[in-house]
K.L.:
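I am attaching a structure below and will ask some questions about it afterwards.
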Amino acid sequence: MNVILESDTGGLRGGVTNPDGIYNLTRISPGAYILRFSFIGYAQWSDTLEFRAGQRLNLNIGLVPESEILAEMVVEGQAETGAARVTAGLQTVSPKDMDLLPTPDVSGDLASFLSTLPGIVTLGDRGGQFYIRGGEPSHNLTLIDGMQVYQPYHILGFYSAFSSDIIHQADIHTAGYGAPFTGRISSVIDIKSRNGNKRDYTGSLSISPFISSTQVEGPLVYNRLSFLASLRRSVVEEIAQNYVSQKMPYTFGDAFFKLHGQVSSNSQLSISGLYTSDRGAIGLQSDDRILEEVGWRNLAFGVRYVVLPRVLPFVAEVHLSYSFLETEQGHTENPVRRSEISGFKYAVHMNSFFQRTEWKWGLYWRAPRITSELGGLFQNPDFGMSRRHKAGLYVEPEFYLTSNLKTRFTIIAELFPGQEDRNNNLESRLRTIWHRNEHEVSLGAGLYHQEIFGLSDRRDATNVFTAWRSAPIEDLSRSLHVLAGYRVSPYPWLELSVETYYKRLSDLFIAEWTAYPRFTSLLQRADGRAFGFELRTEIRREKFYGYINYGLSNVRYTSKQPSAELWYGSETLSFRPPHDRRHQLNAVLTTRIANIDISARWNFGSGRPFTQVYGFDGFLLLDGALDLFNAPDNQRVIYGRPFNGLLPTYHRLDISLEREFTFNQFIVTAHAGVINAYNRRNLFALDLFTAQRNYQLPVVPIAGLKIDLD
């Protein structure tokens, strides 16, 4: 919401409310003023105020929707976020941005939007793995309402735990993020859910070939306390599998709820909860090899209390949350491998406002508990439990040096209580933005660390089982981010941006290279670096809206493993990891013809690296008398140099059409389209042991129906 305070002499002051709807105007001289509140789609509110010296005023305003304004300003509303509106690694996404994309569901989803960004790589339409600017999936921090979600993406890659129906906004930090985000070395996705309707009861029902959903919201106490509940469940096996020319043994779903209340005129309380469940088999099944299922469950619960004191110019937030993740590989009743991570997080965040500065500071404490049971064929068994306590303090002042220039500096100090093998940690970060008229220049840099990590076998794209572990040595995994960006709007309907970045990654932990064709919990250390640049063009016209994103990326890891010298002649290996997709291009176009919304998306990706197999052999341990002709041997794989091969390029066209029908008490949205419209045979993975090809989804017709109750 926009807030403007205009004096009788013509001077203007103002800003926008934060995601909680809070605003704060300080150092106001005595006199008469006009206070205005406005937001796209709502009627403007204004009033005349008289301020006396030393007076403090607390004013709560609720705007009234006005449909005519919304219809006239829909194109302008897209510019509030936008595909090219990127500043120092930060892009803010609205639900409308997600709904623009063609997806198998009537509602949009954050996962589909992320896959259009130039710095984000996915391995396919299955597995739920996202790699952001060179990092691994476990290097990403994902939050909703401050609650951490360890594995937020569903096994079918179109979906995450966050549909557009529950999101207020999502801040995507691909690099250079500041406080209070710590404990991850690559990226942060910070999601704010929307509050339920405090005045009316509403709801929706939807069905599509892949997923069905229901949502309900309304007041528990009129205009003071609301609830929002959402439930989604996959119907892939019941519907889509009947006409898609592939087996789709996937079951997934999620549930979200939120209570939000206005405790007093200057404070609010919210309680949120999230549950997700995924299970399925990824890959190709052969006569001599049965695919093992993989599954995971997330549980998160959090409480937020936000207060704006009447006598002091700051906002305080107290947050308590609990997060849990369980991953399994194997049969549901008797999994071969299992990993759990869980723990509480306590945090206090303060935001103080002054005339030309804004100070943020906070305290937090976290204690994730990790349990693993890693067994199986060719697997060194690993059973264990560890807990890592961490306490931290951050200070983050932001200085408005001129009307066009502001800079933010972050200092973070952390302790690891009761852990003698851990050093204390100190980090600094910097962000500077210069803005004048249609031009904006941004710079960012920062140091980051991570004391836990997710371990997976990247030799095979169909192996998505991830085991969480604590770093086994004193050093933390660390990264350095440096980035620079430029954004310009030469015309009101055109926005262009370019951003370049560099990341240095050190003390990473990856699975040890082994001749055995199975996941291993033995570790090797690795360092890495990633650099690239991203170009974005966004066009907003009366008849259509569209954007084109291009990303160039270069990622390289270097590992050191003594046994590698026996295979490759050197214990140091330098390689492109499997997520090093050098070129990515995404084009999105939406328009309306005869009251039908038409969306199209075409994406292209260059080939990803993979490890080639030269052959197989077997060996016997001669620890006694053996029948060499009949004794079973241990199979080994003769691999080439790591990730020295290249998979084919990837490209796909998706198209969708939507039409709304309005009735007295509800709105019906009819949805139809096609995924992979020209039936491109995109390779998902190459089976290293049988040379069989595992393809991504073929051409898939989609249709759906959504009913919104008003």
K.L.:
Is it true that the side chains of Asn425 and Arg478 contain a donor and an acceptor less than 3.5 Å apart?
P.N.:
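Per modelled atom types, Asn425 and Arg478 side chains form a pair under 3.5 Å.
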K.L.:
Indicate the ring-plane relationship of His651 and Tyr678, choosing parallel, tilted or perpendicular according to the 30° and 60° boundaries.
P.N.:
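His651 and Tyr678: tilted rings.
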K.L.:
With a 4.5 Å heavy-atom cut-off, do Pro335 and Gln329 have their side chains touching?
P.N.:
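Heavy-atom side-chain distance check fails, nothing below 4.5 Å.
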K.L.:
Do side-chain atoms of Ser479 reach the backbone of Ile185 as a donor and acceptor pair under 3.5 angstrom?
P.N.:
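It does hold such a pair.
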K.L.:
Which heavy atom in Leu143 sits nearest to a heavy atom in Lys345, and how many Å separate them?
P.N.:
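Closest pair (atom of Leu143, atom of Lys345, distance): CD2-NZ, 4.1 Å.
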K.L.:
In terms of side-chain geometry, is the basic nitrogen of Arg408 or Glu398 positioned less than 4.0 Å from the acidic oxygen of its partner?
P.N.:
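So Arg408 does not pair with Glu398 through a salt bridge.
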K.L.:
Report yes if the side chains of Val149 and Phe162 come closer than 4.5 Å at any heavy-atom pair, otherwise no.
P.N.:
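Answer yes - side chains close enough.
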K.L.:
So how far is it from Glu136 CD to Ser456 OG, rounded to the nearest 0.5 Å?
P.N.:
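Reported value, rounded in 0.5 Å steps: 8.0 Å.
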K.L.:
If we ignore angles and hydrogens, is there a donor and acceptor under 3.5 Å between the side chains of Glu414 and Tyr364?
P.N.:
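A pair is found: one side chain offers a donor N or O, the other an acceptor, under 3.5 Å apart.
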K.L.:
Any non-hydrogen side-chain atom of Thr558 less than 4.5 Å from a side-chain atom of Phe575?
P.N.:
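The answer is no, as the side chains (C-beta and beyond) never meet within the 4.5 Å cut-off.
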K.L.:
Identify the heavy atoms of Phe130 and Thr122 that sit nearest to each other, and give their distance.
P.N.:
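Closest approach of Phe130 to Thr122: CE2-CG2, 3.3 Å.
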K.L.:
Please work out which of the three classes, parallel, tilted or perpendicular, describes the rings of His481 and Tyr177, given edges at 30° and 60°.
P.N.:
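Ring orientation, 0 to 90° scale: perpendicular.
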K.L.:
Measuring only between side-chain heavy atoms, which start at C-beta, is Arg369 closer than 4.5 Å to Ile341?
P.N.:
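Side chain of Arg369 against side chain of Ile341, heavy atoms only: no contact under 4.5 Å found.
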K.L.:
Under the 3.5 angstrom rule, does the side chain of His579 hit a backbone N or O of Val121 as a donor-acceptor pair?
P.N.:
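Flag not set: sc His579 to bb Val121 has no pair under 3.5 Å.
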K.L.:
If you draw a 6.0 Å radius around CD1 in Ile548, do more than 12 non-hydrogen atoms from other residues or ligands fall strictly inside?
P.N.:
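Open.
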K.L.:
Without swapping roles, check the side chain of Gln696 against the backbone of Asn682 for a donor-acceptor pair under 3.5 Å.
P.N.:
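Side chain of Gln696 to backbone of Asn682, a donor-acceptor pair under 3.5 Å: no, none is there.
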K.L.:
Using only atom types and a distance under 3.5 Å, with no angle test, would you say the side chain of Ser323 pairs donor to acceptor with the backbone of Gln148?
P.N.:
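Yes.
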K.L.:
Using side chain to side chain contact (heavy atoms under 4.5 Å, CB included), reason through Arg366 and Lys390 one step at a time and then give a plain yes or no.
P.N.:
CA-CA 5 Å; Arg366 301 166 192 159; Lys390 182 169 72 172; 3.7 Å; yes
K.L.:
Is any side-chain N of the basic residue among Glu440 and Arg85 closer than 4.0 Å to the acidic one's carboxylate O?
P.N.:
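The answer is no: the pair does not qualify as a salt bridge.
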K.L.:
I need the minimum non-hydrogen distance between His449 and Thr182, along with the two atoms involved.
P.N.:
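Closest heavy-atom pair between His449 and Thr182: CE1-CB, 4.4 Å.
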K.L.:
Among Thr103, Asp654, Asn586, which residue meets the side-chain hydrogen bond (donor to acceptor under 3.5 Å, both in side chains) test with Arg601?
P.N.:
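Testing each of Thr103, Asp654, Asn586 against Arg601, the sole residue satisfying side-chain hydrogen bond (donor to acceptor under 3.5 Å, both in side chains) is Asn586.
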K.L.:
Do the side-chain N and O atoms of His583 and Tyr550 include a donor-acceptor pair separated by under 3.5 angstrom?
P.N.:
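Indeed, the side chains of His583 and Tyr550 share at least one donor-acceptor pair under 3.5 Å.
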K.L.:
Verify the ring-centre separation between Tyr131 and His139: is it less than 6.0 angstrom?
P.N.:
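No, the ring centres sit 6.0 Å or more apart.
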K.L.:
With distance as the sole test, does Ser442 use its side chain to make a donor-acceptor pair with the main-chain N or O of Ala88 at under 3.5 Å?
P.N.:
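Yes.
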K.L.:
Check Glu328 with Arg337, please: is the shortest side-chain N to carboxylate O separation under 4.0 Å?
P.N.:
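No.
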K.L.:
Tell me whether the centres of the aromatic rings in Phe531 and Tyr501 are closer together than 6.0 Å.
P.N.:
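Phe531 vs Tyr501: aromatic centres not under 6.0 Å.
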K.L.:
Distance check, rounded to the nearest 0.5 Å: Glu340 atom CD versus Glu326 atom CD?
P.N.:
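These two atoms lie 5.0 Å from each other.
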K.L.:
For a 4.5 angstrom cut-off between non-hydrogen side-chain atoms, does Thr466 reach Thr327?
P.N.:
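The answer is no; the side chains never approach within 4.5 Å.
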K.L.:
Are Arg184 and Glu451 close enough for a salt bridge, meaning some N to O gap below 4.0 Å?
P.N.:
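Salt bridge: no.
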K.L.:
As a test of understanding, state which of Leu573, Leu508, Asp527 forms a side chain to side chain contact (heavy atoms under 4.5 Å, CB included) with Tyr557.
P.N.:
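Only match with Tyr557 under side chain to side chain contact (heavy atoms under 4.5 Å, CB included): Leu508.
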K.L.:
Please walk me through it: do Arg133 and Glu499 pass salt bridge (Lys or Arg N to Asp or Glu O under 4.0 Å)?
P.N.:
CA-CA 12 Å; Arg133 286 188 175 179; Glu499 190 163 90; 2.9 Å; yes
K.L.:
By side chain to side chain donor-acceptor pair (under 3.5 Å), which residues pair with Arg576, not counting sequence neighbours?
P.N.:
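Applying side chain to side chain donor-acceptor pair (under 3.5 Å) to Arg576 gives Asp580.
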K.L.:
According to side chain to side chain donor-acceptor pair (under 3.5 Å), who are the partners of Gln91, at least two apart in sequence or on a separate chain?
P.N.:
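Gln91: side chain to side chain donor-acceptor pair (under 3.5 Å) contacts with Arg536.
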K.L.:
Where is the tightest heavy-atom contact between Leu697 and Asp125, given as atom of each residue plus distance?
P.N.:
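For Leu697 versus Asp125, the nearest heavy atoms are N-OD2, 2.9 Å.
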K.L.:
Between Val498 and Glu534, is any pair of side-chain heavy atoms under 4.5 Å apart?
P.N.:
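They are not in side-chain contact.
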K.L.:
Would you check if there is a donor-acceptor pair between the side chains of His439 and Tyr486 at a distance under 3.5 Å?
P.N.:
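Checked: Tyr486/His439 side chains pair up, N/O donor to acceptor below 3.5 Å.
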K.L.:
How about Phe324 and Asn298: do any of their side-chain heavy atoms sit closer than 4.5 Å?
P.N.:
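Side-chain contact under 4.5 Å: no.
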K.L.:
Determine whether the aromatic ring centres of Phe252 and Tyr159 lie less than 6.0 Å apart.
P.N.:
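Centroid distance Phe252-Tyr159: below 6.0 Å, so yes.
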K.L.:
Spell out, as yes or no, whether a donor-acceptor pair under 3.5 Å connects the side chain of Ser112 to the backbone of Phe158.
P.N.:
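Such a contact is found between Ser112 side chain and Phe158 backbone.
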K.L.:
Side chains of Arg469 and Ser138: do they bring a donor and an acceptor to under 3.5 Å?
P.N.:
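No, because no side-chain N or O of Arg469 sits under 3.5 Å from a partner of the opposite role on Ser138.
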K.L.:
Can you confirm whether Arg504 is buried at CZ, in the sense that more than 12 heavy atoms of other residues, nucleotides or ligands lie under 6.0 Å from that atom?
P.N.:
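Result for CZ/Arg504: open.
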K.L.:
Taking the side chain as everything from C-beta on, heavy atoms only, tell me whether Ile510 gets closer than 4.5 Å to Ser559.
P.N.:
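Side-chain contact under 4.5 Å: yes.
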K.L.:
So, the side chain of Thr572 versus the backbone of Lys560: is there a donor-acceptor pair under 3.5 Å, distance only?
P.N.:
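Here the side-chain-to-backbone pair does not exist.
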K.L.:
What is the minimum heavy-atom distance between Leu683 and Pro648, and which atoms define it?
P.N.:
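Smallest heavy-atom distance, with atoms named: CD2-CD, 3.8 Å.
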K.L.:
Can you tell me how far apart OG (Ser574) and CZ (Phe643) are? Round to the nearest 0.5 Å.
P.N.:
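Those atoms lie 12.5 Å apart.
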K.L.:
For Ser187 and Thr174, indicate whether the former's side chain and the latter's backbone hold a donor-acceptor pair under 3.5 Å.
P.N.:
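Absent.
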K.L.:
ring-ring contact (aromatic ring centres under 6.0 Å, His included) between Phe453 and Trp468: does it pass, once the steps are laid out?
P.N.:
CA-CA 6 Å; Phe453 62 94; Trp468 285 87; 8.3 Å; no
K.L.:
Which pair of non-hydrogen atoms, one from Pro577 and one from Pro609, has the smallest distance, and what is that distance?
P.N.:
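Looking at all heavy atoms of both residues, the closest pair is O-CG, 3.4 Å.
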K.L.:
Rounded at 0.5 Å granularity, tell me how far CG in Leu114 sits from CD1 in Ile132.
P.N.:
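One gets 6.5 Å once the value is rounded to the nearest 0.5 Å.
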K.L.:
Without hydrogens or angle criteria, can the side chains of Glu396 and Thr410 be said to hold a donor-acceptor pair below 3.5 Å?
P.N.:
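Yes - a donor-acceptor pair under 3.5 Å links their side chains.
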K.L.:
Which value, rounded to the nearest 0.5 Å, describes the distance between Gln450 atom CD and Leu505 atom CG?
P.N.:
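It comes to 10.0 Å.
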K.L.:
Closer than 3.5 angstrom, by distance alone: can the side chain of Gln169 be matched with the main-chain N or O of Val93 as a donor-acceptor pair?
P.N.:
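A pair under 3.5 Å: no.
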K.L.:
Fit a plane to each ring of Trp602 and Phe604, take the angle between them on a 0 to 90° scale, and name the class: parallel (under 30°), tilted (30 to 60°) or perpendicular (over 60°).
P.N.:
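Judged by the thresholds at 30° and 60°, the geometry between Trp602 and Phe604 is parallel.
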K.L.:
Check whether the side chains of Lys503 and Ser186 place a donor and an acceptor atom closer than 3.5 Å, and report yes or no.
P.N.:
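Ser186 and Lys503 do have a side-chain donor-acceptor pair below 3.5 Å.
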K.L.:
Could you walk me through whether His389 and Phe416 pass ring-ring contact (aromatic ring centres under 6.0 Å, His included), step by step?
P.N.:
CA-CA 6 Å; His389 294 266; Phe416 299 93; over 10 Å; no
K.L.:
Out of curiosity, Ile172 CD1 to Ile120 CD1, how far, rounded to the nearest 0.5 Å?
P.N.:
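So the gap between those two atoms works out to 6.0 Å.
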